[in-house]
Amino acid sequence: KAGVTQTPRYLIKTRGQQVTLSCSPISGHRSVSWYQQTPGQGLQFLFEYFSETQRNKGNFPGRFSGRQFSNSRSEMNVSTLELGDSALYLCASSRGRNTEAFFGQGTRLTVV
Amino acid sequence: SQKIEQNSEALNIQEGKTATLTCNYTNYSPAYLQWYRQDPGRGPVFLLLIRENEKEKRKERLKVTFDTTLKQSLFHITASQPADSATYLCALDGLGGYALNFGKGTSLLVTP
């Protein structure tokens, strides 16, 4: 069974640009969550989607957005990039609430 | 505010010994707690999930305890091996079980 796939693995962007990250969940998993990981803050929850609907959102500015498609694949978008957005962005899929999460390898975003 | 605390100092132990990692939380009433392993540059990998009504759970060389009175979980790796060297993350359910709140992790180094 294929795991969670995130693309691209690495990205370098300039301040002010926008970026789109992609996540393909494990087949059959309808819940997709996104997390930001930085050395200072650790892993922080961004948002969670289920059946194309955002069910929950973490404490991040509106520049961070996402969506989920009918095949459960998800994308997240960050607009007007700031240096502080440099982080490892992780996507996780699960069968539903209160179950284990399966993470992808992450996308390492560097904003210069 | 809700807090999840893990030892920020790295834990160094000798191969064959038992490693014990601690996760303490405040202002939480979690329905379950999870432990993940993360290697550098990779996404977290699920290890164990323990529910609030369970005191202890085991899987091979791993054991987790969950004390809701002390608000603490202990994670044990018995007969540790150098391959166990990684960062171990504790996570509690948040937002009704639709998100995970992570501690910042404890780095474990097992030396031969």
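Because the structure is predicted, anything quoted here is derived from the model rather than measured. Reminder, nothing fancy here: chain letters follow the sequence lines and each chain counts from 1.
Using a 4.5 Å cut-off between heavy atoms, Gln37(A) contacts chain B through its side chain alone, with no backbone atom that close. Contact of Gln105(A) with chain B is made through backbone and side chain together, with heavy-atom distances under 4.5 Å. Heavy atoms of Leu89(B) lying under 4.5 Å from chain A belong exclusively to its side chain. Heavy atoms closer than 4.5 Å to chain A are found in the side chain of Leu49(B), but not in its backbone. For chain B, the nearby part of Ser33(A) is the side chain; its heavy atoms alone come within less than 4.5 Å. The part of Thr99(A) that comes within reach of chain B is its backbone (N, CA, C, O), which places non-hydrogen atoms under 4.5 angstrom from that chain.
The candidate with the highest count of non-hydrogen atom pairs below 4.5 Å against chain B, out of Phe45(A), Phe50(A), Phe102(A), is Phe45(A). Among the candidates Gly96(A), Gly58(A), Cys91(A), Ala101(A), the residue making the largest number of heavy-atom pairs closer than 4.5 Å to chain B is Ala101(A).
Residues Leu74(B) and Leu11(B) do not share a hydrophobic cluster, clusters being chains of Ile/Leu/Val/Met/Phe/Trp/Tyr side chains in contact below 4.5 Å. The hydrophobic cluster containing Tyr32(B) does not contain Val45(B), counting ILVMFWY residues as joined when their side-chain heavy atoms lie under 4.5 angstrom apart, directly or transitively. Residues Leu46(A) and Leu90(A) do not share a hydrophobic cluster, clusters being chains of Ile/Leu/Val/Met/Phe/Trp/Tyr side chains in contact below 4.5 Å. Both Leu48(B) and Phe66(B) belong to a common hydrophobic cluster when Ile, Leu, Val, Met, Phe, Trp and Tyr are linked at side-chain heavy-atom distances under 4.5 angstrom. Transitive grouping of hydrophobic side chains (ILVMFWY, heavy atoms separated by less than 4.5 Å) brings Val111(A) and Met76(A) into a common cluster.
Residue Arg15(A) qualifies as open at atom CZ: its count of foreign heavy atoms under 6.0 Å is 12 or below. In the displayed structure, Asn59(A) atom CG is contacted under 6.0 Å by at most 12 heavy atoms of other residues, nucleotides or ligands. Within 6.0 Å of atom CG in Leu70(B), more than 12 heavy atoms from other residues, nucleotides or ligands are found, so the atom counts as buried in its surroundings.
Ring-centre distance between Phe102(B) and Tyr35(A): below the 6.0 Å cut-off. Ring to ring, Phe103(A) and Tyr36(B) are close: their centroids are under 6.0 angstrom apart.
Of the inter-residue distances, the one linking Arg42(B) atom CZ with Leu88(A) atom CG reads 12.0 Å to the nearest 0.5 angstrom. Rounding to the nearest 0.5 angstrom, the gap separating the CD atom in Gln38(B) from the CG atom in Leu43(A) is 6.0 Å.
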